[in-house]
Amino acid sequence: MSAQIISGKEVAAEIRAALREEVTQLKEQGIHPGLAVILIGDDPASHSYVKGKEKACQEIGIYSEVIRREASITQEELLKMIEGYNKNPNIHGILVQLPLPKHISEKAVIDAISPEKDVDGFTPVNVGNMLIGDECYLPCTPHGIIELIKRSGREMEGKHAVVIGRSNIVGKPVAMLLLQENATVTIAHSRTQDLASITRQADILVVAVGRAELIRAEHVKPGAVVIDVGVNRNEVGKLVGDVHFESVKDVASFLTPVPGGVGPMTITMLMKNTVDAAKKLARTMQKQ
Ligand code: NAP
């Protein structure tokens with residue numbers, strides 16, 4: 001069997017085209033979605049992610065402000081900056097690129113973002129609303145994964161989904177969203193014993209570990225849908241996922257590539273959340 005490759009790039013392009021049209025129409029009504037992206041320090045991967053977000057804003061017609069500051073910025077200065085954007089009517093979404101320098105508390109920074117502008121879906125209010133299935137901004141990578149599975153025509157209801165990884169930004173929320181799609185969900189992590197015996201039960205396997213090519217053919221049930229979230233450099237510096245693509249493609253029925261799988265969906269869901277935030281603010285203003 002050779003897996004069908006789920007192109008996140010193509011699915012993302014479709015969603016972005018629809019968003020571009022929506023933004024054109026919103027602008028005609030005087031609504032101009034705006035995103036502020038705050039980047040602290042000089043981590044090359046973070047700079048590259050932020051460039052991708054800036055480019056996507058341009059493509060869709062979203063106004064963007066990218067604020068780049070040295071790693072020496074104090075937590076107080078950063079919190080003040082966020083407070084300014086919380087009040088700025090031209091900005092509907094605020095994103096602080098993680099990771100932050102060690103002297104700054106990520107929790108304090110995330111907590112400072114107004115939940116109405118938390119287009120990353122990381123604040124406790126949005127996480128709580130997601131958990132109870134209420135209206136919220138869904139975190140971008142998990143939301144992108146669910147959209148990819150849906151748009152590739154795969155059923156989630158009644159399937160056994162195994163998520164490897166339990167981070168707050170990927171593993172836990174994607175498990176919750178799979179549960180809301182009526183999958184039966186198992187979460188595995190670094191203390192899980194006999195990982196392969198669990199992953200081999202998965203109809204849907206989501207891998208968010210951060211270990212280059214950890215998951216190989218022997219971990220995968222024949223015909224499974226495999227979503228590779230990982231972004232790693234292998235020993236020769238090549239960009240690879242958490243899944244060993246060459247061996248798993250002969251066992252899985254659907255597989256996402258790295259690059260070009262989950263990554264483009266993450267940025268696209270950020271754009272969607274920003275457009276939704278602008279629409280929501282406009283509705284609130286109309287009611288007042
Ligand atoms: P993370 O915070 O480092 O979490 C990794 C998780 O994997 C942890 O829960 C850890 O378990 C588990 N783990 C580590 N080694 C394991 C092993 N040998 N067996 C089973 N579980 C193991 O990472 P993350 O932020 O979730 O990101 C995961 C990967 O996705 C990274 O490669 C990251 O770059 C990538 N990523 C991609 C996107 C995208 O848009 N494409 C977005 C976000 C992240 P413990 O909890 O027990 O430590």
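Predicted model, so just to flag it, every value in this text is computed and none were measured. Indexing begins at 1, ligand by ligand and atom by atom, following the structure's order.
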Exercise for review: Considering heavy atoms of the protein only, find what lies nearest to atom 20 (C) of ligand 1 and give residue, atom and distance to 0.1 Å.
Suggested key: His189 O, 3.3 Å

Review point. What protein heavy atom sits nearest atom 36 (N) of ligand 1, and how far away is it?
Key: Val229 O, 3.7 Å

Check your understanding: Would Thr74 and Glu77 count as having a side-chain donor-acceptor pair, cut-off 3.5 Å?
Key -> yes

Check your understanding: For ligand 1, which atoms, with element, lie under 4.0 Å from some heavy atom of Ile164?
Key -> 20 (C), 21 (N)

**Study point:** Nearest-contact summary for atom 24 (P) of ligand 1 - protein heavy atom, Å
**Key:** Ser167 OG, 3.7 Å

Point to revise | All pairs passing side chain to side chain donor-acceptor pair (under 3.5 Å) where residues 132-146 contributes a residue, at least two apart | key: Glu135-Lys280, Thr141-Thr266

Check your understanding: Nearest heavy atom to atom 22 (C) of ligand 1: which of Gly261, Ala212, Ser190 does it belong to?
Key -> Ser190

Exercise for review: Of the side chain and backbone of Arg211, name the one, both, or neither that has a heavy atom under 4.0 Å from an atom of ligand 1.
Suggested key: side chain

Exercise for review: Name the closest protein heavy atom to atom 18 (N) of ligand 1, giving the residue it belongs to and the distance to 0.1 Å.
Suggested key: Leu214 CD2, 4.1 Å

Exercise for review: Return a yes/no value for Asp242: is any of its N or O atoms, backbone included, closer than 3.5 angstrom to an N or O of ligand 1?
Suggested key: no

Review point. Donor-acceptor pair, Thr256 side chain versus Gly261 backbone, under 3.5 Å?
Key: no

Exercise for review: Please indicate whether Lys272 has more than 12 foreign heavy atoms, meaning atoms of other residues, nucleotides or ligands, lying under 6.0 Å from its NZ.
Suggested key: no

**Study point:** Qualifying side chain to side chain donor-acceptor pair (under 3.5 Å) pairs, either residue in residues 27-41, two or more places apart
**Key:** none

**Study point:** atom 9 (O) of ligand 1: nearest protein contact (heavy atom, Å)
**Key:** Arg166 N, 2.8 Å

Review point. Under 3.5 Å, is there a donor-acceptor pair between the Tyr85 and Glu83 side chains?
Key: no

Exercise for review: Look at the side-chain heavy atoms of Ile, Leu, Val, Met, Phe, Trp and Tyr, link any pair under 4.5 Å apart, and say whether Met81 and Val50 land in one connected group.
Suggested key: yes

**Study point:** Heavy-atom proximity to atom 16 (C) of ligand 1, best of Val209, Thr199, Asp228
**Key:** Val209

Revision key, fill the gap. Ligand 1 to Gly263, heavy atom cutoff 4.0 Å, flagged ligand atoms 40 (O), 41 (N)

Point to revise | Stepwise side chain to side chain donor-acceptor pair (under 3.5 Å) check, Asn168 with Lys172 | key: CA-CA 6 Å; Asn168 288 334; Lys172 282 184 205 160; 2.8 Å; yes

Point to revise | Proximal atoms of ligand 1 relative to Asn232 (non-hydrogen, under 4.0 Å) | key: 32 (O)

Review point. Of the listed options (Gly8, Pro173, Gly165), which comes nearest to atom 6 (C) of ligand 1 when hydrogens are ignored and any heavy atom counts?
Key: Gly165

Review point. Which residue supplies the protein heavy atom nearest to atom 39 (C) of ligand 1, what is that atom called, and how far is it?
Key: Thr266 OG1, 3.7 Å

Point to revise | NZ/NE/NH1/NH2 to OD/OE distance under 4.0 Å, Glu181 and Lys150 | key: yes

Check your understanding: Where does Thr141 meet ligand 1, judged by heavy-atom distances below 4.0 Å: at the side chain, the backbone, both, or neither?
Key -> side chain

Review point. Do the non-hydrogen side-chain atoms of His219 and Arg200 ever get within less than 4.5 Å of each other?
Key: no

Check your understanding: Quick one: which ligand 1 atoms are inside 4.0 Å of a heavy atom on Val170?
Key -> 26 (O), 43 (C), 44 (C)

Practice item. Check whether any side-chain heavy atom of Val96 sits under 4.5 Å from a side-chain heavy atom of Ile82, and report yes or no. Key: yes

Exercise for review: Could you tell me whether Arg191 and ligand 1 have an N or O pair separated by under 3.5 Å?
Suggested key: no

Check your understanding: Glu116 and Ser114: side-chain donor and acceptor closer than 3.5 Å?
Key -> yes

Review point. Which one holds for Thr192 and ligand 1: side chain close, backbone close, both close, or neither close, with close meaning a heavy atom under 4.0 Å?
Key: neither

Practice item. Could you list which atoms of ligand 1 come closer than 4.0 Å to a heavy atom of Gly210? Key: 28 (C), 29 (C), 31 (C), 32 (O)

Check your understanding: Are side-chain N/O atoms of Ser247 and Arg216 paired as donor and acceptor at under 3.5 Å?
Key -> no

Check your understanding: Does Gly171 come within less than 4.0 angstrom of ligand 1, counting non-hydrogen atoms of the residue?
Key -> no

Check your understanding: What's the shortest distance from atom 25 (O) of ligand 1 to any protein heavy atom, and which residue and atom give it?
Key -> Ile169 CD1, 3.6 Å

Point to revise | Closest approach of any protein heavy atom to atom 33 (C) of ligand 1, naming residue and atom | key: Val231 N, 4.2 Å

